[in-house]
Undergrad: 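What follows is a structure written as structure tokens; I'll ask about it next.
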There are 2 protein chains.
Amino acid sequence: MRNTRDDVIVAALGVLDTHGLEFCSMRRFAVALDVQPSALYHHVPNKQTLLALMADEIVRGVGGDDPVSVCRALRNALLSIRDGADVVATASAFRLGASAVETYLAGMVGDEGARTLLLYTFGQAQSTQTQLQAHEIGALPAEVAASELTPEALEAELTTSFDRGIAIILAGLATQHEADGTDEREKR
Amino acid sequence: MRNTRDDVIVAALGVLDTHGLEFCSMRRFAVALDVQPSALYHHVPNKQTLLALMADEIVRGVGGDDPVSVCRALRNALLSIRDGADVVATASAFRLGASAVETYLAGMVGDEGARTLLLYTFGQAQSTQTQLQAHEIGALPAEVAASELTPEALEAELTTSFDRGIAIILAGLATQHEADGTDEREKR
DNA sequence: ACCTGAACACCGTTCAAGT
DNA sequence: ACCTGAACACCGTTCAAGT
């Protein structure tokens with residue numbers, strides 16, 4: 001027995017984290033496992049499926065006691081690995097990978113609220129990752145060119161911005177609850 | 001004089017709309033223009049730049065009189081072409097391509113409000129496009145497998161969901177305005 | 001069950017050369 | 001200025017064959 005399916009996923013996540021999504025080819029995964037490219041197809045039907053499995057792994061175990069901490073945990077998971085937000089978004093985790101998180105959130109803030117929070121969280125994480133990467137390269141977007149902003153300061157700013165966005169959405173959801181006077185957990 | 005840069009962009013958008021993002025190769029663009037692949041590099045430095053120009057074109061002219069209509073117009077623009085949401089999102093239009101729309105929105109609901117609305121709109125459009133595509137193929141996500149949902153009904157449902165999400169965010173923004181008692185246009 | 005080796009039909013990009 | 005032709009270093013995927 002040589003490699004298992006999980007070995008492939010772990011190796012692929014290693015390539016993703018150290019080299020980025022653009023270097024995530026089946027052939028690169030193969031050299032990471034010291035194996036021929038064709039060997040991967042014994043564990044996975046195609047590249048798309050492998051990317052979806054990677055997305056599932058990235059998002060696995062995300063949870064929390066309240067909507068804010070769930071969204072923060074999800075964002076942290078997406079940011080914990082290079083190009084994580086892109087991978088999870090592209091793998092259409094909107095419906096599949098994160099759907100465990102979605103039903104979890106839905107129990108707290110309802111279907112519509114869960115969807116709104118999730119879509120915002122994904123978009124904000126994707127934007128955050130893009131901006132942090134651009135900052136590292138030195139491809140600054142002119143508005144922050146002169147300002148000597150450290151990476152840490154930028155990251156902190158984007159995280160604060162995220163929290164404010166979540167607060168806005170939750171405030172909006174609260175007004176809806178006032179409108180119909182029900183708690184989500186009471187509906188059916 | 002044979003082809004101009006705009007010819008290349010138009011041809012590329014044609015390939016995108018009729019074949020989808022996965023068939024958007026420089027070589028396909030070249031056959032669409034009846035030209036050798038290398039000829040494209042006279043008009044554009046690389047594929048990434050061409051995709052960014054396509055994204056700018058997709059989002060060009062988006063505007064409106066109030067936040068709701070701006071967001072709707074943006075979503076419609078993203079949905080008006082196959083894989084449009086993916087192309088614009090990947091081209092990091094979060095900061096560049098849509099930034100005209102962002103400053104426009106910021107004048108109405110403030111920086112944080114604009115960002116929240118935009119990130120939600122992008123995410124929702126991307127999700128909508130993914131689901132509509134899956135529905136066309138017949139790759140139904142099991143929950144709507146039995147339900148005989150027409151594509152039009154699904155699209156209408158997703159649009160209604162979008163409107164509700166926007167309403168939630170705007171309601172949240174309204175509570176913030178009440179809190180500090182200022183209108184955005186009065187700040188500074 | 002897991003892998004190799006070879007092959008097929010593709011990629012993006014460069015560069016000398018043509019008009 | 002705009003394009004061709006040829007080349008380079010890659011892709012994802014298939015399939016017979018090995019152990």
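Bear in mind that the values here come from a model prediction, so they are computed numbers and not experimental data. Numbers restart at 1 for each chain; the letters A, B, ... are given by sequence-line order, proteins then strands.
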Undergrad: Distance check needed: C/dG12 C1' versus B/Gln36 CD, whole Å only.
TA: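 So the CD-C1' distance, B/Gln36 to C/dG12, works out to 15 Å.
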Undergrad: Show me the donor-acceptor pairs within less than 3.5 Å that the side chains of residues 156-174 of chain A make with the rest of the protein, sequence neighbours left out.
TA:
| residue | atom | partner | partner atom | Å |
| --- | --- | --- | --- | --- |
| A/Thr159 | OG1 | A/Arg75 | NH2 | 2.5 |
| A/Thr159 | OG1 | A/Glu155 | O | 2.9 |
| A/Thr160 | OG1 | A/Ala156 | O | 2.9 |
| A/Ser161 | OG | B/Glu112 | OE2 | 2.5 |
| A/Asp163 | OD1 | A/Arg72 | NE | 3.1 |
| A/Asp163 | OD2 | A/Arg72 | NH2 | 3.3 |
| A/Arg164 | NE | B/Glu112 | OE1 | 3.0 |
| A/Arg164 | NH2 | B/Glu112 | OE1 | 3.0 |

Undergrad: Give the stems involving DNA chain D, where a stem is 3 or more consecutive Watson-Crick or G-U wobble pairs (i with j, i+1 with j-1, and so on) under 3.5 Å.
TA: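 Looking at DNA chain D, the stems formed by three or more consecutive pairs are C:4-8 with D:12-16, C:12-16 with D:4-8.
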Undergrad: Listed by chain and number, what are the side-chain contact (heavy atoms from CB on, under 4.5 Å) partners of B/His19, not counting sequence neighbours?
TA: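 By the side-chain contact (heavy atoms from CB on, under 4.5 Å) rule, B/His19 matches B/Val15, B/Phe23.
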Undergrad: Mind calculating the distance between CG (A/Asp34) and C1' (C/dC3) to the nearest angstrom?
TA: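 Rounded to whole Å, this separation is 12 Å.
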Undergrad: Short of 4.0 Å, heavy atom to strand atom, which residues of residues 4-15 of chain A count as contacting DNA chain C?
TA: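 Within this stretch, nothing sits under 4.0 Å of the strand.
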Undergrad: Quick one: A/His43 NE2 to C/dA1 C1', roughly how many Å, whole number?
TA: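 Checked: the NE2 to C1' distance equals 8 Å.
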Undergrad: Which pairs, with at least one residue in residues 113-130 of chain A and sequence neighbours excluded, count as a salt bridge (Lys or Arg N to Asp or Glu O under 4.0 Å)?
TA: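 Counting only pairs at least two positions apart or across chains, the salt bridge (Lys or Arg N to Asp or Glu O under 4.0 Å) contacts touching residues 113-130 of chain A are A/Glu102-A/Arg115.
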Undergrad: State which residues pass side chain to side chain donor-acceptor pair (under 3.5 Å) with B/Asp6; sequence neighbours excluded, sorted by chain then number.
TA: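 B/Asp6 satisfies side chain to side chain donor-acceptor pair (under 3.5 Å) with no other residue.
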Undergrad: Atom pairs under 3.5 Å, N or O on each side, protein against nucleotides 13-19 of chain D: can you list them with distances?
TA:
| residue | atom | partner | partner atom | Å |
| --- | --- | --- | --- | --- |
| D/dT13 | OP2 | A/Tyr41 | OH | 2.8 |
| D/dT13 | OP2 | A/Lys47 | N | 2.9 |
| D/dT13 | O5' | A/Tyr41 | OH | 3.4 |

Undergrad: Do any side-chain atoms of residues 25-38 of chain B form donor-acceptor pairs under 3.5 angstrom with protein atoms, and if so which ones, sequence neighbours left out?
TA:
| residue | atom | partner | partner atom | Å |
| --- | --- | --- | --- | --- |
| B/Ser25 | OG | B/Arg28 | N | 3.1 |

Undergrad: Take atom P in D/dA9 and the same atom in C/dA9, then report the distance between them in whole Å.
TA: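 These two P atoms come out 22 Å apart once rounded.
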Undergrad: Can you name the side chain to side chain donor-acceptor pair (under 3.5 Å) partners of A/Asp83, sequence neighbours left out?
TA: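 Scan of A/Asp83 (side chain to side chain donor-acceptor pair (under 3.5 Å), adjacent residues dropped) gives none.
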Undergrad: Quick one: list whatever passes side chain to side chain donor-acceptor pair (under 3.5 Å) with B/Ser69, sequence neighbours left out.
TA: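 If we apply the side chain to side chain donor-acceptor pair (under 3.5 Å) test to B/Ser69, skipping adjacent residues, the hits are B/Asp66.
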Undergrad: Counting only side-chain heavy atoms from C-beta out, which of C/dC3, D/dC3, C/dC11 sits nearest to A/His42?
TA: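 Among C/dC3, D/dC3, C/dC11, the one nearest the side chain of A/His42 is C/dC3.
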Undergrad: Go through the structure and list residues passing side-chain contact (heavy atoms from CB on, under 4.5 Å) with B/Ser80, not counting sequence neighbours.
TA: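 In terms of side-chain contact (heavy atoms from CB on, under 4.5 Å), with neighbours along the sequence ignored, B/Ser80 is linked to no residue.
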Undergrad: Would you mind reading off the distance between A/Leu40 atom CG and C/dC3 atom C1', rounded to a whole angstrom?
TA: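 A/Leu40 atom CG is separated from C/dC3 atom C1' by 11 Å.
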Undergrad: With A/Asn76, which residues qualify under side-chain contact (heavy atoms from CB on, under 4.5 Å), at least two apart?
TA: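 For A/Asn76, no residue satisfies side-chain contact (heavy atoms from CB on, under 4.5 Å) once neighbours in sequence are set aside.
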